[in-house]
Amino acid sequence: MPDLTDRTERFELIAACDDSTLVELAEDVLDGETPVKIVQEPKPQLLMHRVREPVERRPFNLGEVLVTAAEVSFAGERGFAMVAGKAETKAVSGAIVDAAVEADHDATERICTRLREAHTDREATRRRQWNESRATTVQFETMEDEDE
């Protein structure tokens with residue numbers, strides 16, 4: 001299970017979480033009294049996606065990926081989120097959620113529970129899809145040399 005005190009793991013869960021869940025969590029945190037300051041406005045941008053090729057393990061640039069990043073200041077903490085695609089609302093909501101957890105907001109336990117549930121659901125869906133696709137694999141026969 002992911003450790004949400006580890007910010008890197010939290011960033012991954014926020015980025016993979018669905019829009020509606022993040023918006024709901026951000027709205028739970030916003031009380032109308034604690035101001036939210038946008039430090040970095042959400043702006044779609046291109047990010048180079050680097051991978052390692054499998055034979056010689058050398059890194060190479062696979063291509064550019066569209067992402068939206070946002071940074072906020074909330075409850076004395078900075079929050080950051082980077083999400084796939086053009087998703088300004090999701091990025092700001094994710095940044096608010098990150099700042100709330102960092103500030104140990106009253107909603108932190110609920111936020112962590114929902115992020116973990118979303119992670120568990122996503123993993124279950126991936127396993128189901130993988131198992132469904134495994135049934136479509138092709139077994140190739142080996143051709144033996146006729147000269148022997």
Side-chain angles (χ1 to χ4, degrees), residues 1-30 36 38-72 74-75 77-148:
M1 195 50 78
D3 175 13
L4 294 175
T5 59
D6 178 344
R7 211 160 190 195
T8 301
E9 290 188 33
R10 186 165 65 238
F11 286 156
E12 289 180 21
L13 291 184
I14 288 171
C17 195
D18 63 276
D19 302 29
S20 59
T21 299
L22 282 178
V23 169
E24 180 186 323
L25 291 172
E27 287 175 350
D28 286 351
V29 167
L30 299 175
V36 175
I38 304 290
V39 177
Q40 176 188 340
E41 288 192 34
K43 185 174 84 174
Q45 52 196 311
L46 293 174
L47 179 72
M48 184 56 67
H49 183 67
R50 293 191 90 188
V51 295
R52 290 195 177 276
E53 59 92 5
V55 178
E56 294 183 21
R57 310 293 299 157
R58 285 193 239 167
F60 72 96
N61 295 330
L62 182 63
E64 293 177 323
V65 179
L66 181 66
V67 298
T68 304
E71 186 176 356
V72 302
F74 174 76
E77 295 291 339
R78 284 198 168 196
F80 178 80
M82 181 181 291
V83 298
K86 185 178 184 303
E88 291 90 344
T89 302
K90 182 178 180 181
V92 171
S93 297
I96 292 168
V97 166
D98 177 52
V101 172
E102 214 40 42
D104 198 23
H105 188 275
D106 292 342
T108 296
E109 188 173 325
R110 181 174 183 276
I111 290 170
C112 292
T113 299
R114 290 291 304 276
L115 288 175
R116 285 186 185 106
E117 287 171 354
H119 170 74
T120 301
D121 292 347
R122 192 172 46 262
E123 289 301 311
T125 299
R126 283 183 182 165
R127 277 192 303 277
R128 181 184 50 75
Q129 289 172 335
W130 173 252
N131 287 332
E132 288 172 1
S133 69
R134 287 181 63 199
T136 64
T137 58
V138 177
Q139 298 294 327
F140 292 98
E141 295 180 17
T142 309
M143 296 184 72
E144 295 183 28
D145 192 5
E146 292 181 13
D147 292 339
E148 293 179 2

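Because the structure is a prediction, the values reported are computed rather than measured. Any value given below was found using the heavy atoms of this structure, including those in side chains, with hydrogens, waters and symmetry copies removed.
The two residues Val97 and Ala26 have their closest heavy-atom pair at CG2-N, 3.9 Å. The heavy-atom pair separating Gly85 from Thr68 by the smallest distance is O-OG1, 2.6 Å. Contact record, Ala69 with Gln45: CB-NE2, 3.5 Å, taken as the closest heavy-atom pair. Smallest separation of non-hydrogen atoms from Ala100 and Thr108: O-OG1, 3.4 Å. Taking both residues in full, the closest heavy atoms of Pro42 and Val92 are given as CG-CG2, 3.5 Å, listed atom of the first, atom of the second, then distance. The nearest pair of heavy atoms linking Asp98 to Gly79 is OD2-CA, 3.2 Å.
Taking 4.5 Å as the limit, every side-chain heavy atom of Leu13 sits out of range of all side-chain heavy atoms of Glu9. Within the 4.5 Å cutoff, no side-chain heavy atoms of Phe60 are placed close to those of Arg52. Looking only at side-chain heavy atoms (C-beta outward), Thr89 and Asp19 stay at 4.5 Å or farther from each other. Inter-residue side-chain proximity for Ile14 and Met82 is flagged as unmet; no heavy-atom pair is nearer than 4.5 Å. Two residues are said to be in side-chain contact when any heavy atoms from C-beta on lie closer than 4.5 Å; Val72 and Val39 fail this criterion. With a 4.5 Å cut-off on side-chain heavy atoms, Glu24 and Arg114 count as touching. Arg126 is not listed as a side-chain neighbour of Trp130, based on a closest heavy-atom distance of 4.5 Å or more. In this structure, Val65 and Val67 have side chains that are in contact, with non-hydrogen atoms separated by less than 4.5 Å.
Under a cut-off of 6.0 angstrom, the local environment of CD in Glu109 is sparse, with at most 12 non-hydrogen atoms contributed by other residues, nucleotides or ligands. No more than 12 heavy-atom neighbours from other residues, nucleotides or ligands sit within 6.0 angstrom of CD on Glu41.
Under 4.0 Å is where a charged nitrogen must lie from a carboxylate oxygen, and between Arg128 and Glu132 at least one such pair does. A salt bridge links Glu88 with Lys86: the closest approach of a Lys/Arg side-chain nitrogen to an acidic carboxylate oxygen falls below 4.0 angstrom. Between Arg78 and Glu102 no salt bridge is recorded (no basic side-chain N to carboxylate O distance below 4.0 Å). Electrostatic pairing of Asp18 and Lys90 does not count as a salt bridge here, judged by no charged N lying under 4.0 Å from a carboxylate O.
Distance check, rounded to the nearest 0.5 Å: CG of Asp28 to NE2 of His105 gives 9.0 Å. Atom CG in Leu115 sits 10.5 Å away from atom CZ in Arg110 (nearest 0.5 Å). In this structure, SG on Cys17 lies 10.0 Å from CD on Glu117, to the nearest 0.5 angstrom. Between the CD1 atom in Ile96 and the CG atom in Leu22 there is a gap of 10.0 Å [rounded to 0.5 Å]. Within the model, atoms OG1 of Thr125 and CZ of Arg122 stand 9.0 Å from one another, a figure rounded to the nearest 0.5 Å.
Asn61 contributes no side-chain N or O that, together with a main-chain N or O of Gly63, makes up a donor-acceptor pair within less than 3.5 Å. Put simply, the side chain of Thr120 gets close to the backbone of Arg116: a donor and an acceptor are under 3.5 Å apart.
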